[in-house]
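Side-chain atoms are counted along with the backbone in the values below, which use heavy atoms only and exclude waters and symmetry mates. Naming: A, B, ... by sequence-line order, numbering from 1 per chain.
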Amino acid sequence: MDRDLVEQARRGDREAFAVLVHQVSDSLYAVAQRILRDPALAEDALQNALVLAWRRLPHLREIDRFEAWIHRILVHACYDESQRARQWTANVRVLPIDGPTSPDGSATIADRDELERAFRRVPVDQRAVFVLHHYLGLPLVEIAEMLEIPAGTARSRLHYATRGLRDALVADAETEAAVHGGRLA
Amino acid sequence: MTDDRSLERAARSWIEVGPTRAPSRAVEAALLRIETTPQERALRIPWRFTNMPIYARVAGAAVVGVLLVGGAVYLFSPGGRSNVGAPLPSPTTVSTPHPSPSSSASQALGAAPPRTLGDWQAMSGQAIPALFGANERIQLSVDWQDGLHTWIQTADGTLVLKSTSRAASADELRLVSIAGAEAVGCTDGQVGRYRWSRSSDGKFLTLTAIDDACTDRVSAMSRTWVHSLSAVTDGGIGVIPLDPWIVATLPSRQWAMGGANDGPVLRAFGTGAPDVEFTIVRNPMGFDAPCAIAGGRHPVAIEPTAAAIVDHIRGLPGVTVTTADATIGGRPAVHLTVTSDAAIECPAGEIMAFHPPSAAEDGEYTMALGQPRSFWAVELDGDVVVIWFAGDGVTPTDEQAVIDSIGFLDRLPTP
């Protein structure tokens, strides 16, 4: 990241900020989409994060940490969007989908559907750590620093996200079995 | 897939799937919003002025731009606009001898009289339903930058009655309403002529309608306004909208206000301006780790008394405080003279002393290690206000003159 651009943007240069936006927006959107699992919400989160970043840029103290800083703003924008979404999706029931299980456990279409459903049940703050760790490949210490949370909290969020994912998959499997067994039919 | 290893492998593979490019419409929409979005002014206000790159003495337009946007943040947030702009040479009145009103709308723009420029405060009195409610604070702004636009801002930040200025005689303010949402109250092109006068001390601006077909504008503007030290001013006597109102007299130079609603900061700006600021913070809070940089500290409350402010400062690492009882605006106060040990370990090289309650995350008043500081804590009926006037070239006499000019008002002054 060009320090001069960040400094110029911090001093109110909109053109410099526009250049920065084009440099970081792909990564921000990809992260938002993976946390929120909804393209429209991810677009809103991206927009809100970029505008908020512009507004708050004069407060940025460490120019070298611009990318981490703007990703933190994005994650918080995702939190906000997920709250907004919850009002509309609280009553949505996700139905299990039949499909073969891959012999090697890799992500087949059916697996991805299962993961998709399961991931949506994981709290958004845990999802954020999961995405930052597994998608961006950030170490937990760096995630903690980025999100301004203790390292232990980042570690536990990742742990609970993984466990939540597993539990949701198990629950789905049991539901599916019950449906096929006629108990819920 | 539910054993941990296969789950993690599958999840990693799955999380890779998905879009990797931001939709251009989302990016462009954000940039469009940014075009009309002011930046917040950083409230990191070092008490050591020589270490303030953002307010370096070179008054480049960008530097001042950041400062002035701060005024916008302070003034009638949210969504409001203060009377700010890039520093330009002082506008001059373009006068013509009494042109006929009927020709005004098509007449060329002309700057408003220089002594009307700036921001002016009033209480609305009676409600004007299309504009504002009863007994609300309203602000008249005559564009400080070029004197070509005039508007009123309501308490919720809405701009109304926006008009352009036309050339007129020296004692007249001639306005033509413009099209658009900010012109609410008048129809496009309505001409209004107002006689203006300013009190000899500069505190009041009185507008009297000569003729104006826009009746809401007549009702809104025809009154006596009080000179505001927010957001851009040439100094002198004026009020600052805090609770209570603060009246003060600042040296004659350009000042721009930034900060927070409970922590306004007026800073000198303009070519060759010294690094001087006048800061007021109401019921400041402290930090539990005053040497920590952002993220490693949390707000702590300070009892709203001068004694508690003294105790808080005494509790900062490596700080020595001497105090003297004082009176400011008839209220009991304490003058604190503070020194800090330059050798203590503070990673940021400065101590985070205070922040405004409304800006726990972003605002901080810092004290450079080893630099002496002088400030005042004033008790106001259950609140405490911390004030300083300091900076390059400010002598104790200068400081005392500003402090002595301060008054606390339950309501706006009247002539």
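- Of the inter-residue distances, the one linking A:Arg34 atom CZ with B:Ile15 atom CD1 reads 7.0 Å to the nearest 0.5 angstrom.
- Crowding of A:Tyr160 atom OH: a count of heavy atoms from other residues, nucleotides or ligands under 6.0 Å not exceeding 12.
- Interatomic distance, A:His133 NE2 to B:Arg12 CZ, rounded to the nearest 0.5 Å: 6.0 Å.
- When all heavy atoms of A:Ser25 and B:Ala22 are compared, the pair lying nearest together is O-CB, 3.5 Å.
- Between A:His22 and B:Leu31, the closest side-chain pair of non-hydrogen atoms falls below 4.5 Å.
- B:Arg33 places no side-chain N or O within 3.5 Å of a backbone atom of A:Leu50 that could act as its donor or acceptor partner.
- At a threshold of 4.5 Å between non-hydrogen side-chain atoms, the residues B:Val27 and A:Tyr29 do not count as touching.
- For A:Asp64, the side-chain contact (heavy atoms from CB on, under 4.5 Å) partners at least two apart in sequence or on another chain are A:Arg3.
- Neither the backbone nor the side chain of A:Ala53 comes within contact range of chain B, judged by heavy atoms closer than 4.5 Å.
- In this structure, no portion of A:Arg72 lies under 4.5 Å from any heavy atom of chain B.
- Annotation: side chain of A:Asp26 is not in contact with side chain of B:Thr20 (no heavy-atom distance under 4.5 Å).
- Shown here for B:Ala26 and A:Gln47, the closest heavy-atom pair between the two residues is O-CG, 3.3 Å.
- For chain B, the option among A:Leu60, A:Leu28, A:Val51 with the highest count of heavy-atom pairs below 4.5 Å is A:Val51.
- Residue B:Arg21 qualifies as open at atom CZ: its count of foreign heavy atoms under 6.0 Å is 12 or below.
- Within the 4.5 Å cutoff, the side chain of A:Glu43 has heavy atoms near those of the B:Arg25 side chain.
- Of the residues considered (A:Asn48, A:Val31, A:Val131), A:Asn48 shows the highest number of contacts with chain B, using heavy-atom pairs under 4.5 Å.
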